[in-house]
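Numbering of ligands and ligand atoms starts at 1, following listing order.
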Amino acid sequence: MQRATITGTGSAVPDRILTNHDLEKMVDTSDEWVVTRTGIRERHIAGEGEFTSTFATLAAERALQMAGVKADELDLIIVATVTPDFPFPSTACIVQQNLKATKAAAFDISAACSGFLFGLSLADKSIRSGSASKVLVIGTEVLSRIVDWTDRNTCCLFGDGAGAAVVEAGDGTGGILSTHIHSDGSYWELLYQPGCGNRNPATQKTLDDRLVYISMQGNEVFKLAVRAMEEVAHEALDANNLTVADLDLFIPHQANRRIIDAIGKRLGLGSDKVFINLERYGNTSSASIPIALDEANRSGRLKNGDLLMFDAFGGGLTWGSVLLRWQS
Ligand code: UT7
């Protein structure tokens, strides 16, 4: 059986930066509140003519270049997003066209902030089964277009960007050890976009009722996130007969500094083993882990043989973990 290995990473974010001080001029908030309650200082916001596929394509090109893989060698393109360019066709098909990845089957998956890990899980299974040998997994969002910029409860939290990973069949010395993914639809109303699907199609009323924007019960999501992310981290370690002490780097979904700190504390992880960059990006949903991975990789933080864990939680509800032995 082949083991799936990440051979290239890439990321891309819009140039435009929106700081907490900029937000102070838009809603009743303060830099102090946002930093204390979330850890976020600034986020990148897409400009005119920039779409979810724009950042996905850029991130993918960088990951392919690092991996030394040509686009037309790809078997699969999996794009995780809740902010696709269009309801259909998939953003993955647009990325396929941009890259000229002519051989690949391309499709989107919707698992909110856990989407990149759900995509990695699919890539891992496809490679292990022998049905694919080169897979591109992308997490990409332009959340700024579904954020209500008059709602201080949500507008301070989110940002735009994309991260990508090339996953290939490896020789088994490193690579993905396990993936664990979960969902609980009984909580779907805690975090969702009420409008623009077919329950509340795009109409003047949908717009007037502000249904086109993200709706979130932050406090409930917070508590469930901490619990689920801790559990799924242990699930991964137990399945591989490993312990927290074996981990070299923990890369969690970047939603809130307090969530990350709470999980780190519950797991007994030293802060030097937890990767955090949300102060510069905010919550980029499915893009947060691959952007963080790419930063860790390009800054030389990852050494061959390091044990890495990705851990995510998001709307659906969905959550999951991926444990891997780094081998570049
Ligand atoms: O991506 C995956 C899923 N998402 C998450 O994981 C997000 C999880 N949730 C969170 O990160 C946090 O719950 C939030 C950051 C969203 C909110 O933090 P909180 O500590 O749970 O605050 P809260 O919602 O309980 O609000 C506390 C107070 C409220 O005022 P009152 O009702 O107590 O008077 C809010 O109106 O803070 C107020 N508030 C703000 N004040 C200034 C909420 N947003 C702001 C703001 N500026 N931006």
Side-chain angles (χ1 to χ4, degrees), residues 18-43 80-83 110-118 139-144 146-163 181-185 187-193 213-233 251-264 266 274 276-279 281-292 310-321:
L18 188 76
T19 66
N20 292 345
H21 295 293
D22 296 326
L23 282 167
E24 287 173 349
K25 296 174 201 135
M26 298 161 62
V27 287
D28 179 16
T29 190
S30 65
D31 175 57
E32 198 260 332
W33 190 96
V34 182
V35 172
T36 316
R37 305 307 292 166
T38 72
I40 300 164
R41 293 183 185 277
E42 58 189 36
R43 67 288 291 146
T81 186
V82 292
T83 49
S110 173
C113 305
S114 313
F116 181 73
L117 299 197
F118 276 53
T140 181
E141 307 287 359
V142 174
L143 293 161
S144 60
I146 61 164
V147 160
D148 183 347
W149 291 104
T150 65
D151 174 16
R152 70 174 184 173
N153 289 293
T154 50
C155 76
C156 306
L157 307 176
F158 299 101
D160 302 337
I181 56 173
H182 299 282
S183 307
D184 184 348
Y187 291 108
W188 68 265
E189 281 173 291
L190 290 186
L191 176 50
Y192 75 121
Q193 184 187 2
Y213 302 120
I214 295 172
S215 160
M216 179 168 78
Q217 294 175 42
N219 242 305
E220 288 308 306
V221 173
F222 189 111
K223 285 181 258 175
L224 290 162
V226 173
R227 195 170 351 138
M229 289 173 78
E230 183 197 2
E231 275 174 21
V232 82
I251 304 183
H253 170 48
Q254 311 279 312
N256 186 316
R257 171 91 203 208
R258 290 185 296 133
I259 294 180
I260 297 173
D261 288 346
I263 296 159
R266 281 170 175 235
V274 182
I276 302 181
N277 65 1
L278 92 170
E279 66 278 5
Y281 299 107
N283 180 349
T284 57
S285 191
S286 67
S288 89
I289 288 178
I291 290 174
F310 309 146
D311 192 343
F313 182 89
L317 297 174
T318 57
W319 65 100
S321 60

Requested in this report: Say whether C156 and ligand 1 are in contact under the criterion: heavy-atom distance to a ligand atom below 4.0 Å.
Outcome: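 Within the 4.0 Å threshold, so yes.
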Could any protein non-hydrogen atom be found less than 4.0 Å from [atom]?
atom: atom 42 (C) of ligand 1; result: yes
atom: atom 13 (O) of ligand 1; result: yes
atom: atom 34 (O) of ligand 1; result: no
atom: atom 29 (C) of ligand 1; result: no
atom: atom 18 (O) of ligand 1; result: yes

**Report entry** Option of least heavy-atom distance to atom 23 (P) of ligand 1 (set: L23, D31, N219)
**Finding:**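 It is N219 whose heavy atom sits nearest to atom 23 (P) of ligand 1.
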Identify, by atom number and element, the atoms of ligand 1 in contact range of [X], meaning under 4.0 Å from any of its heavy atoms.
X: F313; value: 2 (C)
X: L191; value: 3 (C)
X: I259; value: 6 (O), 8 (C)
X: N256; value: 10 (C), 11 (O), 12 (C), 15 (C)
X: R258; value: 18 (O), 19 (P), 20 (O)
X: M216; value: 4 (N), 7 (C), 16 (C)

Among protein heavy atoms, which sits nearest to [atom], and what does the distance come to when rounded to 0.1 Å?
atom: atom 22 (O) of ligand 1; answer: W33 CZ2, 4.1 Å
atom: atom 36 (O) of ligand 1; answer: R152 NH2, 3.1 Å
atom: atom 9 (N) of ligand 1; answer: G218 O, 3.0 Å
atom: atom 20 (O) of ligand 1; answer: R37 NH2, 2.7 Å

Query - S286 side chain to E141 side chain, donor-acceptor N/O pair below 3.5 angstrom - result: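 A pair is found: one side chain offers a donor N or O, the other an acceptor, under 3.5 Å apart.
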Query raised in the report: Just by distance, with hydrogens left out, do S144 and D160 show a side-chain donor and acceptor under 3.5 Å apart?
Result: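 Side chains of S144 and D160: pair found under 3.5 Å.
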Kindly compute the distance separating [atom1] ([X]) from [atom2] ([Y]), expressed to the nearest 0.5 Å.
X: T19; Y: R41; atom1: OG1; atom2: CZ; answer: 11.0 Å
X: I289; Y: C113; atom1: CD1; atom2: SG; answer: 9.0 Å
X: T284; Y: R43; atom1: OG1; atom2: CZ; answer: 12.0 Å

Query raised in the report: Are the side chain of N20 and the backbone N or O of I40 linked by a donor-acceptor pair below 3.5 Å?
Result: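 Side chain of N20 to backbone of I40, a donor-acceptor pair under 3.5 Å: yes, one is there.
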Query raised in the report: Got a donor-acceptor contact below 3.5 angstrom from the R257 side chain to the L278 backbone?
Result: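 No, because the side chain of R257 does not come within donor-acceptor range (under 3.5 Å) of the backbone of L278.
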Requested in this report: Start with the C-alpha distance between E230 and R227, add both sets of side-chain angles, then the distance that settles salt bridge (charged side-chain N to carboxylate O under 4.0 Å, His left out), and finish with yes or no.
Outcome: CA-CA 5 Å; E230 183 197 2; R227 195 170 351 138; over 6 Å; no
Query raised in the report: Which atoms form the tightest heavy-atom contact between L143 and N283, and what is the distance?
Result: CD1-O, 3.5 Å
Query raised in the report: Just distances here: any N/O of N283 and N/O of ligand 1 closer than 3.5 Å?
Result: yes
Query - N/O separation below 3.5 Å, A225 to ligand 1 - result: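 No.
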